[in-house]
Structures are given as C-alpha cells and as structure tokens.
A.B. asks: 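Got a structure for you, written out below as structure tokens; questions coming shortly.
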Number of protein chains: 2
Amino acid sequence: MGTTKTEGFSKRQNEMATLAKALGHPARVAIVEYLAKAGTCICGDIVDELPLAQATISQHLKELKQAGLIKGNIDGNAICYCIDERTVQRITDYLVSIAARSKNSKCC
Amino acid sequence: MGTTKTEGFSKRQNEMATLAKALGHPARVAIVEYLAKAGTCICGDIVDELPLAQATISQHLKELKQAGLIKGNIDGNAICYCIDERTVQRITDYLVSIAARSKNSKCC
DNA sequence: TCGTAATATCGCAATATTACGATATGGGAA
DNA sequence: TTCCCATATCGTAATATTGCGATATTACGA
C-alpha cells in the first residue's frame, strides 16, 4: 500500500484529484500565483521568487507542467512559463458545480 | 526533509495548498461529490459508495473535516456529513481570481 | 573553443501518505 | 445488562513526496 487506488473512481474524479494534488503544495500555489500576477510568460526568475533551491523548484515546475496547469516554452537557453488557463478553468468549473449543488442543501 | 516548507509562503498560499491537498485524492473528491449530489446530510452509507475499507474512508473523512471542507454532526450512533459550502467557495474564489488575472496574458 | 548562465536530472535521506486488519468506543435495541 | 451497529483509532507495511547537493545538459557570448 501507500499507493492511491484509482480504480473504482470516475475519470473525472481522478482528473480533479490529480489537478488538486498538483496545487497541494504552497510552492506550487506560489508559482501559479506569480505567473497569474505577471500576466505574461515568465522566463527565469521564478527561482529568485521562492525560498527554495533551484533543484526543488525545477521539480515543482515539472509537476505543474505534467498536471497541465502551466506551459513551458523554450526561449534560447531560458524557459518561459505561463499558466494554462483552460486547466484552471476546468477546476473552477468543477468546484462551481459542486458549490451550486450543495447550495440548496438543508444541512445540519 | 520530506517535510513541506511553509515558511516563506503567505498565509493564503499555505491555506490554499492545504485545501487543494485535501482534494488531492480521488476518494476525497468522490466523497465531496457525493455529499454535494445528495444535497442533504448523509448519515452512514458513504462506506457503501466507495471501493475502500471502512477504516480507510474514516481516515479520508477525518482529513476532509480537518481541512474544513466537510462538517460532521453526531446523530445517535451514526454521524451525518455535509459539505461546508463556505470553504468550497473560498477555493473557488481564489481560482477565479487566478483565472481572471491570467486571462489578459499575452502568452507564448 | 571556452566559460558561463539557466535549467534538468540523479541519488539520497527524512518524512508523509495510503490502505487495511484488528481493535476500541459509544449508542441503541433486545 | 448484553449484544449489535456505526464509527474511530492503532499499528504497520508499502509506497510517495519533499528538499537539496552534486552533476548533467544546453545555449549563448567572448
């Protein structure tokens, strides 16, 4: 064990879990926030923004990229990152649908 | 190591990471989805809904409760769970603000 | 070509998560 | 009280995550 069981859950549930997991670390939240704030692609300087070593940040960027939350474009010897809005939208839509349904709940 | 660094990140970033992490597992996504779909408090039968052992589900419910995503009320010897809409709203608002800012990005 | 800057990857140690059987706990019913 | 039912907690094995130093890699400029 130690492995997450994915069988038995819907594709959507697994997808949302993966996306949420990718945002489940303050460094990755900070990266996404920084990219959103900037409004443009950010080449480099993410390392200067966070209190983590370069190797660690590279790892976090990789995870965000794999989850589809950010995109990376090679620009010379630097790499430019930016948010993939569509993915963010996907999570937002999902949460909105959850919130909408629990709105009219006669709860304890 | 193995521990997440929280110092150096804002309170909000840490909070969002905690909430996202709580949703970062298909079982917990399924639980939240089920509670939202039901619209009312659910007493019991969550265990029958998921392909996991009772002990495991109890653990997941605990994590969701700790994160503030769900509330639990004791009803006799059963426990009724329901979504805490305010917390879901908090994540949604955050993501919307992220999406809004990255909307007008001239991206690569 | 050589050096340097930017990023990725490797390897490892520390710690966290996941899953579950076994066992507790606490309430209601017989 | 005694027996169930629902839920929580404990203990543990398997695996995942985190963080970082060291080391690649790759592209550019001198």
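Throughout, a chain's letter reflects where its sequence line sits, starting with A, and its residues are numbered from 1. Atoms considered below: every heavy atom in the structure, side chains included; atoms not considered: hydrogens, waters and symmetry mates.
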A.B. asks: Could you tell me the Watson-Crick or G-U partner of D:dG29, where both distances fall under 3.5 Å? Say none if there is no partner.
C.D. replies: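 With both distances under 3.5 Å, D:dG29 matches C:dC2.
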A.B. asks: Which of these nucleotides, D:dT18, C:dT7, C:dC20, is closest to any side-chain atom of A:Gln54?
C.D. replies: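 The answer is C:dT7.
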A.B. asks: Using atom CG of A:Asn14 as one end and atom C1' of C:dT18 as the other, report the distance to the nearest whole Å.
C.D. replies: 15 Å
A.B. asks: Measure CG/A:Leu50 against C1'/D:dT18 and give the value in whole Å, please.
C.D. replies: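 After rounding, the gap between these two atoms is 14 Å.
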A.B. asks: I want to verify a distance call: between C:dG21, D:dA8, C:dT18, whose nearest atom is closest to the B:Lys65 side chain?
C.D. replies: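 Among the listed nucleotides, the one closest to the side chain of B:Lys65 is D:dA8.
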A.B. asks: Rounded to whole Å, how long is the line connecting atom CD of B:Glu49 with atom P of D:dA6?
C.D. replies: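 These atoms are roughly 15 Å apart.
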A.B. asks: Roughly, in whole Å, what's the span from NZ in A:Lys5 to P in D:dA13?
C.D. replies: 20 Å
A.B. asks: Starting at the 5' end of DNA chain D and moving along, which residue's nearest nucleotide shows up first, A:Asp75 or A:Ala27?
C.D. replies: A:Ala27
A.B. asks: Is the closest side-chain heavy-atom distance between A:Lys5 and B:Leu52 below 4.5 Å?
C.D. replies: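 Side chain of A:Lys5 against side chain of B:Leu52, heavy atoms only: contact under 4.5 Å found.
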A.B. asks: Can you work out whether A:Gln59 or A:Thr3 has the more 5'-proximal nearest nucleotide on DNA chain D?
C.D. replies: A:Thr3
A.B. asks: Determine the contact category for A:Ile74: base if any of its heavy atoms lies under 4.0 Å from a base atom, sugar-phosphate if only primed atoms, P, OP1 or OP2 are that close, otherwise nothing.
C.D. replies: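 Nothing, no nucleic acid heavy atom in range.
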A.B. asks: Using every non-hydrogen atom in the two residues, find where B:Gly72 and B:Lys65 come nearest and quote the distance to one decimal.
C.D. replies: N-CD, 4.4 Å
A.B. asks: Rounding to a whole Å, what distance do you find between B:Leu61:CG and C:dT18:P?
C.D. replies: 13 Å
A.B. asks: Can you check whether B:Cys41 and B:Cys80 have SGs under 2.5 Å apart?
C.D. replies: no
A.B. asks: Within less than 4.0 Å of OP1 or OP2 of D:dT17, is there a side-chain N or O belonging to A:Lys21?
C.D. replies: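 A:Lys21 to D:dT17 OP1/OP2: side-chain N or O found under 4.0 Å.
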A.B. asks: How many angstroms lie between CD in B:Glu85 and CZ in A:Arg101, if you round to the nearest 0.5 Å?
C.D. replies: 13.5 Å
A.B. asks: With a 4.0 Å cut-off on heavy atoms, is B:Ser58 in touch with a base, just the backbone sugar-phosphate, or nothing at all?
C.D. replies: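 If one applies the 4.0 Å heavy-atom cut-off, B:Ser58 turns out to touch a base.
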A.B. asks: Heavy atoms only, 4.0 Å cut-off, all strands: where does A:Ile57 land among base, sugar-phosphate and nothing?
C.D. replies: nothing
A.B. asks: What contact category does B:Ala55 fall into here, base, sugar-phosphate, or nothing, at under 4.0 angstrom with non-hydrogen atoms?
C.D. replies: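 Base, at least one base atom sits under 4.0 Å.
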A.B. asks: A:Thr56 near the nucleic acid: base, sugar-phosphate alone, or nothing, with a heavy-atom cut-off under 4.0 Å?
C.D. replies: base
A.B. asks: What's the CD1-C1' distance between A:Ile79 and C:dA5, to the nearest Å?
C.D. replies: 13 Å
A.B. asks: Rounded to whole Å, please give me the gap between CG in B:Asn77 and P in C:dA30.
C.D. replies: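 Spelled out: CG on B:Asn77 to P on C:dA30 is 13 Å.
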A.B. asks: Do the non-hydrogen side-chain atoms of A:Ile91 and B:Leu95 ever get within less than 4.5 Å of each other?
C.D. replies: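 Touching, per the 4.5 Å side-chain cut-off.
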A.B. asks: Would you tell me if any nitrogen or oxygen in the side chain of B:His60 comes within less than 4.0 Å of OP1 or OP2 on C:dT17?
C.D. replies: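 It does not, given that no N or O in the side chain of B:His60 lies less than 4.0 Å from OP1 or OP2 of C:dT17.
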